[in-house]
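Have a look at the structure below before the remarks.
Note that ligands are numbered from 1 as they come in the structure, with each ligand's atoms numbered from 1 the same way. A quick note: this is a predicted structure, and the numbers were derived from the prediction, not measured. In this chain, residues are counted from 1 in sequence order.
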Amino acid sequence: KRVAILISGGGSNMVTLVNSMTGDHPARPCLVLSNVPAAGGLAKAEALGISTAIVDHRNFTGDRAGFEAALNEVLEAHSPDIICLAGFMRILTEGFTGHWAGRCLNIHPSLLPKYKGLHTHQRAIEAGDAEAGCSVHEVTAELDGGPVLGQVRVPVLPGDDAASLAARVLAEEHKLYPAVLRRYAEGNRTPLYLP
Ligand code: GRF
């Protein structure tokens, strides 16, 4: 299986996904694509020997369909079987999600269906939640709304702020995403709940 990974920033999830696809793993990375030309993850991907590409959403202001058509064109040129969104910060419409239906995953830093959207850690803290976490889900036209394929729960600790909670959750994202991708690549859609 060929896996394309979409990023917008540092790409720590991308790095762990790439490093997981070795040996008898049924998938290999074929492309890292960023909407942000200066994304730190691009240099990391190049250092890992992965092809990279940029589709700058600022070239498509007010033209979401045009941006997604450009994404699809670059992606199709690398013939991916699976798309992984990893810290990708653009909302994708049916033009993209429909094209890749059943073949596209995302990691979101909350225990979905709670806290779809942004500022998930701050919202959990402000709600006084005892637990937070991350979810891998199939991407549909509904933002952060597709079927959940895996989750990890972490405690919210006294004195946590958004940054300390985000760091605790991110460490678990780096375990969950590779585990879910491997199962997905093997055709296993059974949700994985860790620990
Ligand atoms: C992090 O906030 C992570 O929780 C979310 O995307 C952001 C950047 O992650 N998935 P990455 O380091 O670019 O993978």
* **For Pro109, atoms of ligand 1 separated by under 4.0 Å from a heavy atom** => 4 (O)
* What orientation do Phe88 and Phe67 show, parallel under 30°, tilted 30 to 60°, or perpendicular over 60°? -> parallel
* Asked: Distance only, no hydrogens: is a donor on one side chain within 3.5 Å (strictly under) of an acceptor on the other, for Glu76 and His99?
  -> yes
* atom 11 (P) of ligand 1 touched by protein (heavy atom, under 4.0 Å) -> yes
* To do: Answer yes or no: does an N/O atom from Glu173 fall short of 3.5 Å to an N/O atom of ligand 1?
  => yes
* To do: Considering only Ile, Leu, Val, Met, Phe, Trp and Tyr, and joining two whenever side-chain heavy atoms are under 4.5 Å apart, list the other residues clustered with Val148.
  => Leu112, Tyr193
* To do: Using a strict 4.0 Å cut-off to heavy atoms of Ile107, name the atoms of ligand 1 that fall inside it.
  => 10 (N)
* Asked: Roughly how far, to the nearest 0.5 Å, is CG of Asn13 from CD of Glu173?
  -> 5.0 Å
* Heavy atom of the protein closest to atom 9 (O) of ligand 1 (residue, atom name, distance) -> Asn13 ND2, 3.8 Å
* Structure fact -> Nearest heavy-atom contact between Thr52 and Ala45 is CG2-CB, 3.6 Å
* Asked: Heavy-atom contact under 4.0 Å between Gly11 and ligand 1?
  -> yes
* Asked: Does the distance from a Lys or Arg side-chain N to an Asp or Glu carboxylate O, for Arg182 and Glu186, drop under 4.0 Å?
  -> yes
* For atom 1 (C) of ligand 1, the protein heavy atom that lies nearest, with its residue and separation -> Leu170 CD1, 4.2 Å
* Structure fact -> The closest protein heavy-atom partner of atom 8 (C) of ligand 1 is Gly87 CA, 4.0 Å
